[in-house]
*Asks:* 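My questions all concern the structure below.
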Amino acid sequence: MDSTDAQCLLMHTLEAEMSPPDLWQHHRSGALSCAYSKGEQTFTWEADAVADMARTWRQSGVDGPGEQAKMLLEAHRRVEELIRTAGIPPADAILHDLSRPELRAIWHHDKLVMVIDDFPSAVPPSEG
């Protein structure tokens, strides 16, 4: 997914200078937003810019996301697969909160929120 790869690029870029944002929102449109939980500004990139950032990340040769994001990114992929398998329409937004191991999938029209707040790191992706 482009927005998870774009998130990896942004986190990797920011880690050298400062702590990356702890709140990330992956929009169904392909846009990506981020913010600091103690801040007031939200930064958003439209789908085209996200696709460009994702391409840059995939071509960067960096081994993968930092430890801080690995668990939530894997959970993101698992939730998307669960949603696909269940035949549910894609979530309007998937939110990552890096300050705690929490991921939320939100369907605005259906007023449905799925919260996953425990990510067992011992379970390999192929067994989930």
Side-chain angles (χ1 to χ4, degrees):
M1 174 176 206
D2 281 349
S3 65
T4 54
D5 286 348
Q7 178 181 352
C8 290
L9 174 68
L10 291 166
M11 290 184 72
H12 179 75
T13 302
L14 290 171
E15 282 174 342
E17 300 294 322
M18 57 198 274
S19 296
D22 42 5
L23 302 172
W24 297 83
Q25 183 170 349
H26 300 259
H27 306 270
R28 184 192 312 200
S29 68
L32 176 66
S33 300
C34 65
Y36 289 92
S37 59
K38 296 182 180 170
E40 294 181 14
Q41 291 186 309
T42 300
F43 305 93
T44 301
W45 294 268
E46 295 301 323
D48 291 345
V50 170
D52 289 342
M53 288 188 288
R55 218 173 354 269
T56 299
W57 173 252
R58 290 190 288 267
Q59 295 170 355
S60 71
V62 175
D63 228 1
E67 289 302 315
Q68 183 182 22
K70 277 184 184 178
M71 193 168 43
L72 281 171
L73 292 172
E74 181 57 36
H76 184 118
R77 291 179 183 107
R78 288 181 182 185
V79 165
E80 285 186 326
E81 183 59 31
L82 175 69
I83 291 168
R84 252 190 312 278
T85 301
I88 300 170
D92 293 316
I94 297 180
L95 290 91
H96 299 185
D97 185 341
L98 299 181
S99 65
R100 55 187 162 175
E102 182 179 287
L103 181 141
R104 291 176 182 252
I106 299 171
W107 291 263
H108 297 296
H109 179 67
D110 298 318
K111 299 189 183 335
L112 174 65
V113 177
M114 177 189 338
V115 179
I116 300 173
D117 61 5
D118 185 20
F119 305 115
S121 58
V123 179
S126 60
E127 294 179 21

*Asks:* Locate the shortest heavy-atom distance separating Arg77 from Asp5; write the atom from each residue and the value.
*Replies:*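 Result for this residue pair: NH2-OD1, 4.1 Å.
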*Asks:* If I compare all heavy atoms of His108 with all of Asp92, which pair ends up nearest, and what's the gap?
*Replies:* N-OD2, 2.6 Å
*Asks:* Got a second to check how far Leu32's CG is from Leu9's CG, nearest 0.5 Å?
*Replies:* 10.5 Å
*Asks:* Would you tell me whether His76 and Gln7 have side-chain atoms, one donor and one acceptor, within less than 3.5 Å of each other?
*Replies:*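 Looking only at side-chain atoms, Gln7 and His76 do not form any donor-acceptor pair under 3.5 Å.
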*Asks:* Salt-bridged, Glu81 to Arg84, with N to O below 4.0 Å?
*Replies:* yes
*Asks:* So do the side chains of Glu102 and Leu95 get within less than 4.5 Å of each other, counting heavy atoms only?
*Replies:* no
*Asks:* Please table the atom pairs, donor to acceptor, closer than 3.5 Å between any side-chain atom in residues 39-54 and protein atoms at least two apart or in another chain.
*Replies:*
unit_1	atom_1	unit_2	atom_2	d
Thr44	OG1	Ser33	OG	2.8
Asp52	OD1	Arg55	NH2	2.5

*Asks:* Salt bridge (Lys or Arg N to Asp or Glu O under 4.0 Å), that's the test. Do Glu74 and Arg78 meet it? Break it down for me.
*Replies:* CA-CA 6 Å; Glu74 181 57 36; Arg78 288 181 182 185; 3.4 Å; yes
*Asks:* So which atom in Pro21 and which in Ala35 form the shortest heavy-atom distance, rounded to 0.1 Å?
*Replies:*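 For Pro21 and Ala35, the tightest heavy-atom pair comes out as CB-O, 3.3 Å.
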*Asks:* Quick one: side chain to side chain contact (heavy atoms under 4.5 Å, CB included) partners of Ser37, sequence neighbours excluded?
*Replies:* Asp22, Leu23
*Asks:* Where is the tightest heavy-atom contact between Trp57 and Cys8, given as atom of each residue plus distance?
*Replies:* CE2-CB, 3.3 Å
*Asks:* Search all heavy atoms of Ala93 against all heavy atoms of Gln25 and return the closest pair with its distance.
*Replies:*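 Shortest heavy-atom separation between Ala93 and Gln25 comes out as CB-NE2, 3.3 Å.
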*Asks:* With sequence neighbours left out, write down each residue that passes ring-ring contact (aromatic ring centres under 6.0 Å, His included) with His27, or none if nothing qualifies.
*Replies:* none
*Asks:* Are any non-hydrogen side-chain atoms of Asp2 and Arg58 less than 4.5 angstrom apart?
*Replies:* yes
*Asks:* Under 4.5 Å between side-chain heavy atoms, hopping through other hydrophobics if needed: is there a path connecting Leu73 to Leu10?
*Replies:* no
*Asks:* Spell out, yes or no, whether Trp107 and Val79 are grouped together once hydrophobic residues are joined by side-chain heavy atoms under 4.5 Å, including indirect joins.
*Replies:*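 Linked within one cluster.
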*Asks:* Show the nearest heavy-atom pair for residues Ala75 and Leu103, with the distance to one decimal.
*Replies:*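 Result for this residue pair: C-CD1, 4.0 Å.
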*Asks:* Would you give the length of the straight line joining atom OG of Ser19 to atom OH of Tyr36, rounded to the nearest 0.5 angstrom?
*Replies:* 7.0 Å
